[in-house]
Amino acid sequence: MRIATWNVNSIRARAARATAFLERSGTDVLAMQETKCTPAQFPAEAFEEAGYHVAVHGLNQWNGVAVASRHPILRVHDHFPGQPAFGDPAVVEARALGVVIDVSGALEGAPGSPAPAELTVWSLYVPNGRELDHPHYAYKLEWLAALRAQARGWLDADPAALVALVGDWNVAPQDQDVWDMAAFEGATHVSAPEREAFAAFAEDGWIEATRARTTNYTYWDYQRLRFPKNEGMRIDFAYASPALEARITSARIDRDERKGKGASDHVPVILDVR
DNA sequence: ATGACTGCTGAGAGCAGA
């Protein structure tokens, strides 16, 4: 089966592109970020007509996460336990959606055991951070640390679980993940604390599944001809539980989705799972 | 070419994005 993650930058502006992507790519489960709408505003019909179930979380015009799945959705979490709040008044924003999917019959059985019945996909939109001295940056680090603590518990509770932590991590973990490190002097996304917060997941056993399998940027700013000049960033990633990692056969970044009129500034990141 | 963004809200600029 095929799993993808994509920061769509408004699903209302991108619904036709999204369903076209699903059809073109053969994606079974799509995690979306920055849907920028409430559930009532979400174009669920477009996905349902294409044969997908949807789970949606959104509070207003900012953030927003969703999952579309060809397989039945069993359970939905609209935040993770301990997810930090932000703002005045502080609000737990729509940045994490955990969806448990019935994948019975869709994946291979391991030797001596039946095929797995459930896959959990978390669609994550990590806070941007804005500036290194902005409260949003501290919020970003808290958010990543809180997610790490929860996610470690998920692995401990069930080492055989198939879990994917996918989305827009808003961190460029390595220097080659931006086109020019000099352009990011003093900026967010490349700072040591952010990179350490991202790398910490690997210390707990999560495996970032795209790094070893594909190379490309996943984001190009709309401004200053960043895409024509290929001045991008690699900030969308997929951390897999060990049991899921063992089933991943390939990964791909759909750079072509950035082309043409009406593109999101991010492109889909795709995993094939057996 | 010393330039060159997009989406949302609400009706005009301002915020957010990274």
Side-chain angles (χ1 to χ4, degrees), chain A residues 5-18 21 32-43 46 56-66 85-96 123-141 143-144 167-195 197-198 216-237 253 255 257-269:
Chain A
T5 181
W6 186 16
N7 178 322
V8 294
N9 186 16
S10 171
I11 193 56
R12 286 180 288 174
R14 219 77 64 206
R17 275 231 185 209
F21 163 74
M32 291 168 273
Q33 303 86 38
E34 275 210 272
T35 50
K36 290 186 169 178
C37 66
T38 63
Q41 296 170 313
F42 191 96
V56 172
H57 183 42
L59 301 175
N60 48 41
Q61 71 270 41
W62 293 300
N63 315 306
V65 277
F86 184 77
D88 185 16
V91 172
V92 176
E93 298 176 312
R95 293 181 176 275
S123 179
L124 304 169
Y125 180 42
V126 176
N128 170 293
R130 300 182 188 168
E131 310 290 339
L132 295 181
D133 60 357
H134 194 285
H136 210 258
Y137 178 77
Y139 169 52
K140 180 180 194 173
L141 295 179
W143 204 95
L144 285 165
D168 177 359
W169 290 77
N170 267 322
V171 178
Q174 300 181 12
D175 287 358
Q176 68 264 29
D177 296 333
V178 298
W179 78 93
D180 178 10
M181 276 299 289
F184 287 82
E185 183 77 34
T188 59
H189 294 66
V190 299
S191 73
E194 287 165 276
R195 287 177 166 181
F198 181 84
N216 221 328
Y217 298 131
T218 64
Y219 163 89
W220 296 261
D221 198 305
Y222 288 124
Q223 303 188 57
R224 284 173 268 193
L225 297 176
R226 292 300 189 208
F227 184 60
K229 293 154 100 173
N230 197 31
E231 296 177 344
M233 303 173 72
R234 188 172 188 174
I235 54 178
D236 299 87
F237 294 100
I253 293 168
R255 187 180 189 282
E257 179 53 46
R258 185 65 179 78
K259 297 177 179 175
K261 197 171 179 64
S264 170
D265 41 5
H266 295 250
V267 294
V269 176

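Sequence lines set the chain letters: A, B, ... in the order given, protein chains first and strands last, and positions in each chain run from 1. The basis for the numbers below is simple: all heavy atoms, side chains too, and nothing from hydrogens, waters or symmetry mates.
Rounded to whole Å, the C1' atom of B:dA4 lies 27 Å from the corresponding atom of B:dG10. One C1' atom belongs to B:dC5, the other to B:dA18, and the distance between them is 13 Å to the nearest Å. For the P atoms, the distance linking B:dG12 with B:dA1 amounts to 37 Å, nearest Å.
Across all strands shown, A:Phe184 has no heavy atoms under 4.0 Å from either base or sugar-phosphate atoms. At a threshold of 4.0 angstrom between heavy atoms, the contacts of A:Arg130 are confined to the sugar-phosphate backbone, with no base atom among them. At the heavy-atom level, A:Asn7 lies under 4.0 Å from the strands shown only through sugar-phosphate atoms. Nucleic acid contact for A:Phe227: none, since no nucleic acid atom lies under 4.0 Å from a heavy atom of the residue. At a threshold of 4.0 angstrom between heavy atoms, the contacts of A:Arg258 with the nucleic acid are absent.
At least one side-chain heavy atom of A:His189 sits less than 4.5 Å from a side-chain heavy atom of A:Asn128.
Taking A:Arg255 as the reference, A:Asn216, A:Trp220, A:Phe227, A:Asn230, A:Lys259 meet the side chain to side chain contact (heavy atoms under 4.5 Å, CB included) condition, with sequence neighbours excluded.
Between the side chain of A:Asn170 and the base of B:dA18, no donor-acceptor pair under 3.5 Å is found.
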For A:Ser123 and A:Gln33, what are the C-alpha separation, side-chain angles and deciding distance, and is it a side chain to side chain donor-acceptor pair (under 3.5 Å)?
CA-CA 7 Å; A:Ser123 179; A:Gln33 303 86 38; 3.1 Å; yes
When you look at A:Phe184 and A:Met233, which way does the side chain to side chain contact (heavy atoms under 4.5 Å, CB included) test go after all the steps?
CA-CA 11 Å; A:Phe184 287 82; A:Met233 303 173 72; 3.5 Å; yes
Under 4.0 Å protein heavy-atom contact, by nucleotide of nucleotides 3-15 of chain B - B base, S sugar-phosphate only:
-BBSSSS------
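The aromatic ring centres of A:Tyr139 and A:His136 sit less than 6.0 Å apart.
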